[in-house]
Amino acid sequence: MVPIENAASPSGARRLSLRVLPRTFYDRDTEVVARDLLGRILECTRGGVTVRGIISETEAYLGEHDPACHAAVGRTRRTAGLYGPPGTAYVYFIYGMYWCVNAVTRAEGLPSAVLIRGVRPLDGLEDMRKRRHGRRRGAEVADHALADGPGKLCVAFGIDGPTHHGADLVRGATLRILRGAPAADADVRVTARIGISKAKEWPLRWVLKRQTADGGR
DNA sequence: TCAACGATTTTCT
DNA sequence: GAAAATCGTTGAG
């Protein structure tokens, strides 16, 4: 596919590939996939509208031995998706009002995934604003904050369980992850995961450092 | 059947 | 910084 200019970094002549990431990308250790997902492009097409964003924050959930992973309770109706093939979407409902989207990793039968916690809006900003605005009473949402949280990004991208749970990120038509431009090590920060009560200290969160005019740190 | 809680976000004090 | 909004999943009774 033809590369496009990165609209989110006008200064850099960085090119982003729109080729879809292959299944083998996801069939690796979850930490590796979580790190490698930074800089890639999340794309969602719904109702003839396509929105895209650069993945800027991820977390790894390792499997049944990870106390913070949903699969810690074993295989249930809810967690069955985590045991699915690599490169599928695991979408769950949280706090009675938000959806969160994960990319399932490792071989089928191994319940692990990467939570996509944030993206930098790239295409379809107007549609993201529309979707997000419908949920708020107050002021306008700044562009950089349109999808900088797991719940927010699902609202902005129109992602929900009934539509996207189990979706194929590789061969599907609605939710995909494109190659983009992988992040350099100097642009990546590793921290503990957010908002969990178990295994709090495990360093399994990867964040893209804030972008400045000179593309710097 | 029931109560507690959660991989969150927003608003109010 | 605290609390509300809001409901499916889980585990105990």
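In what follows, every chain begins at residue 1, and chains take the letters A, B, ... in the order their sequences are listed. Excluded from the calculations below are hydrogen atoms, water molecules and symmetry mates; all remaining heavy atoms, backbone and side chain alike, are included. From a predicted model like this one, the values you see are computed outputs, not experimental measurements.
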Exercise. Name all pairs fulfilling the side chain to side chain donor-acceptor pair (under 3.5 Å) condition that reach into residues 142-152 of chain A, sequence neighbours left out, sorted by first residue then second.
Key: A/R129-A/D143, A/D148-A/K152

Exercise. Could you tell me the separation between the CD atom of A/E59 and the P atom of B/dT8, rounded to a whole number of Å?
Key: 7 Å

Practice problem: Mind checking salt bridge (Lys or Arg N to Asp or Glu O under 4.0 Å) for A/R106 and listing every partner two or more places apart, or none if nothing turns up? | Solution: none

Self-check item: Qualifying residues under salt bridge (Lys or Arg N to Asp or Glu O under 4.0 Å), relative to A/R117, sequence neighbours excluded
Solution: A/E57, A/E59

Practice problem: Give me the one residue out of A/Y92, A/F93, A/Y83 that meets ring-ring contact (aromatic ring centres under 6.0 Å, His included) with A/H70. | Solution: A/Y92

Quiz item: Whole Å only: how far is the CZ atom of A/R132 from the C1' atom of B/dT9?
Solution: 8 Å

Quiz prompt | Bounds of contact between DNA chain C and chain A, in 5' to 3' order, using a heavy-atom cut-off under 4.0 Å | solution = C/dA5 to C/dG11

Self-check item: Any residue meeting side chain to side chain donor-acceptor pair (under 3.5 Å) with A/T163, in chain and number order, not counting sequence neighbours
Solution: A/R46, A/D160

Quiz prompt | side-chain N/O A/K152 vs B/dT10 OP1/OP2, d < 4.0 Å | solution = yes

Exercise. Assign A/G96 to base, sugar-phosphate, or nothing according to its heavy-atom contacts below 4.0 angstrom with the strands shown.
Key: base

Quiz item: Does the aromatic ring of A/Y98 sit over the six-membered base ring of B/dT8, closer than 5.5 Å centre to centre and tilted less than 30°?
Solution: no

Quiz item: Between atom OG1 of A/T45 and atom CG of A/L175, what is the distance when rounded to the nearest 0.5 Å?
Solution: 9.0 Å

Exercise. Scan A/R193 against the nucleic acid and name what it touches under 4.0 Å (heavy atoms): base, sugar-phosphate only, or nothing.
Key: nothing

Practice problem: Would you classify A/F93 as touching base, sugar-phosphate or nothing, given that sugar-phosphate means primed atoms plus P, OP1 and OP2, and contacts are heavy atoms under 4.0 Å? | Solution: sugar-phosphate

Exercise. Rounded to the nearest angstrom, tell me the gap between atom NZ in A/K200 and atom C1' in B/dA7.
Key: 14 Å

Quiz item: Considering residues at least two apart in sequence or located in another chain, which fulfil the side-chain contact (heavy atoms from CB on, under 4.5 Å) criterion with A/P203?
Solution: A/V190

Quiz item: For atom P, what is the distance between C/dA3 and B/dC5, given to the nearest Å?
Solution: 15 Å

All N/O contacts under 3.5 Å from nucleotides 1-5 of chain B to the protein, with atom names and distances to one decimal?
none

Self-check item: Length of the line joining A/H133:NE2 and B/dT9:C1', which is rounded to integer Å
Solution: 16 Å

Exercise. Would you mind reading off the distance between A/R117 atom CZ and B/dT9 atom P, rounded to a whole angstrom?
Key: 7 Å

Quiz item: Using Watson-Crick pairs (N1 to N3, plus N6-O4 or O6-N4) and G-U wobble pairs, both distances under 3.5 Å, which stems of at least 3 pairs involve DNA chain C?
Solution: B:1-6 with C:7-12, B:8-12 with C:1-5

Practice problem: Report yes if the ring of A/Y92 lies under 5.5 Å from the six-membered base ring of B/dA7 with planes under 30°, and no otherwise. | Solution: no

Quiz prompt | Partners meeting salt bridge (Lys or Arg N to Asp or Glu O under 4.0 Å) with A/D36 (sequence neighbours left out) | solution = A/R28, A/R40

Quiz item: Nearest-Å distance, CD (A/E57) to C1' (B/dT8)?
Solution: 12 Å

Quiz item: Is there any ring pair (Phe, Tyr, Trp, His ring centres under 6.0 Å) pair reaching into residues 148-198 of chain A, and which pairs are they, with sequence neighbours excluded?
Solution: A/Y90-A/H165

Practice problem: Take atom CZ of A/R205 and atom P of B/dA7, then tell me their distance rounded to the nearest Å. | Solution: 15 Å

Exercise. Could you list the residues that satisfy side chain to side chain donor-acceptor pair (under 3.5 Å) with A/T174, not counting sequence neighbours?
Key: none

Quiz item: Of the candidate nucleotides B/dA7, B/dT8, B/dT10, which contains the atom at the shortest distance from the side chain of A/H70?
Solution: B/dA7

Exercise. Determine, for A/R35 against A/D29, whether the closest basic-nitrogen to carboxylate-oxygen distance falls under 4.0 angstrom.
Key: no

Quiz item: Rounding to a whole Å, what distance do you find between A/W206:CH2 and B/dA7:P?
Solution: 17 Å

Quiz item: Hey, does A/I196 reach any base, or is it just sugar-phosphate, or nothing, if we go heavy atoms under 4.0 Å?
Solution: sugar-phosphate

Self-check item: Results of salt bridge (Lys or Arg N to Asp or Glu O under 4.0 Å) for A/R23 - residues two or more places apart only
Solution: A/D168

